[in-house]
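The block underneath contains the structure these notes are about, expressed in structure tokens.
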Amino acid sequence: QKEVEQNSGPLSVPEGAIASLNCTYSDRGSQSFFWYRQYSGKSPELIMSIYSNGDKEDGRFTAQLNKASQYVSLLIRDSQPSDSATYLCAVKLAGYSTLTFGKGTMLLVSP
Amino acid sequence: GAGVSQSPSNKVTEKGKDVELRCDPISGHTALYWYRQRLGQGLEFLIYFQGNSAPDKSGLPSDRFSAERTGESVSTLTIQRTQQEDSAVYLCASSQDQFYEQYFGPGTRLTVT
């Protein structure tokens with residue numbers, strides 16, 4: 001059974017803090033991992049992709065992948081109110097032709 | 001370059017009518033996906049096209065739903081005899097192939113009255 005799980009939240013952090021968003025997946029053979037941001041009433045927007053174990057940094061965003069633990073996370077440094085959105089984790093599970101999306105974690109950044 | 005485009009952006013239809021939703025993928029992207037997102041819910045995969053291969057229709061919820069794609073260009077999602085539970089945002093995405101990032105269009109908001 002294919003599963004990508006995220007805490008639905010909301011995760012509330014003050015402005016300037018680090019927001020940590022987590023995602024676990026069921027398939028050890030998974031190959032590609034993505035984080036999307038979705039503002040209310042808008043379509044998902046790709047933030048990060050990560051394919052190998054370790055950290056990948058892009059500006060204020062860092063994606064972390066641990067395939068042994070089947071865990072991928074997204075850190076947002078210096079969180080801004082404009083980061084308030086739902087963050088979707090997506091995984092290319094082995095044997096499936098499409099991405100499997102988690103249900104998303106809502107992030108609220110308070111000024 | 002141009003992103004994924006979808007039309008119409010909004011569609012209101014009466015129960016029982018047929019609707020067609022259009023998606024124009026990013027040029028050069030061989031893979032095209034349709035998803036449905038009901039209000040407050042996650043993304044629900046509907047159908048996937050990869051080049052000239054047979055589409056993966058495993059997510060289509062009923063035989064009222066169908067989709068076509070000509071080559072690596074425009075795709076049309078058709079919903080026949082619409083029901084109120086079909087009300088949702090229909091999202092299209094494209095990617096270079098199944099292993100790469102998917103880029104989403106703005107979606108079509110379908111309301112069935």
Side-chain angles (χ1 to χ4, degrees), chain A residues 1-10 21 23-27 29-52 56 58 61 63 65 72 74 85-107, chain B residues 3-7 9-10 21 23-26 29-60 67 75 88-111:
Chain A
Q1 183 179 357
K2 56 175 180 176
E3 286 186 357
V4 176
E5 297 192 356
Q6 300 180 253
N7 188 316
S8 62
L21 303 160
C23 173
T24 59
Y25 57 94
S26 59
D27 183 1
S30 299
Q31 300 165 303
S32 311
F33 308 84
F34 306 92
W35 283 100
Y36 288 82
R37 176 176 62 197
Q38 187 173 26
Y39 291 114
S40 181
K42 301 294 186 182
S43 62
E45 173 192 9
L46 179 69
I47 299 176
M48 296 279 288
S49 59
I50 186 166
Y51 300 93
S52 55
K56 180 181 178 182
D58 184 0
F61 299 98
L65 175 61
V72 57
L74 180 70
T86 296
Y87 289 80
L88 304 174
C89 172
V91 180
K92 171 71 172 65
L93 298 175
Y96 290 93
S97 55
T98 64
L99 295 182
T100 300
F101 284 82
K103 296 190 183 303
T105 298
M106 180 182 293
L107 173 67
Chain B
V4 178
S5 61
Q6 293 186 246
S7 62
S9 55
N10 281 284
L21 312 179
C23 173
D24 207 334
I26 293 171
H29 280 192
T30 61
L32 186 148
Y33 311 80
W34 283 98
Y35 295 90
R36 178 170 70 179
Q37 189 171 35
R38 292 191 168 113
L39 187 64
Q41 302 298 310
L43 290 172
E44 179 184 4
F45 164 73
L46 297 177
I47 189 169
Y48 157 61
F49 296 90
Q50 172 64 57
N52 293 317
S53 301
D56 177 353
K57 303 179 182 179
S58 60
L60 294 178
S75 176
V89 175
Y90 289 82
L91 292 161
C92 175
S94 72
S95 67
Q96 286 184 310
D97 74 19
Q98 62 180 291
F99 297 101
Y100 291 90
E101 300 92 341
Q102 293 183 20
Y103 295 91
F104 284 83
T108 293
R109 182 175 299 277
L110 176 65
T111 303

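Reminder, nothing fancy here: chain letters follow the sequence lines and each chain counts from 1. Quick caveat: nothing in here was measured; it's all calculated off a predicted structure.
Using a 4.5 Å heavy-atom cutoff, the side chains of A/Y36 and B/Q102 are in contact.
Legend: salt bridge (charged side-chain N to carboxylate O under 4.0 Å, His left out) pairs involving residues 40-51 of chain A, not counting sequence neighbours, sorted by first then second residue: A/R37-A/E45.
Heavy-atom minimum distance, A/P44 versus B/F104: O-CB, 3.5 Å. Residues B/P106 and A/S43 approach most closely at CA-OG, 3.8 Å, considering heavy atoms.
Heavy atoms of B/Q37 lying under 4.5 Å from chain A belong exclusively to its side chain.
Distance OG1/A/T98 to CH2/B/W34: 16.0 Å, rounded to 0.5 Å. Considering CD of B/E101 and CE of A/M48, their distance stands at 10.5 Å, rounded to 0.5 Å.
The side chain to side chain contact (heavy atoms under 4.5 Å, CB included) check on B/S94 picks up B/V4, B/P25, B/I26, B/H29, with sequence neighbours excluded.
Residue A/K103 qualifies as open at atom NZ: its count of foreign heavy atoms under 6.0 Å is 12 or below. Environment of OH in B/Y100: sparse, with no more than 12 heavy atoms of neighbouring residues, nucleotides or ligands closer than 6.0 Å.
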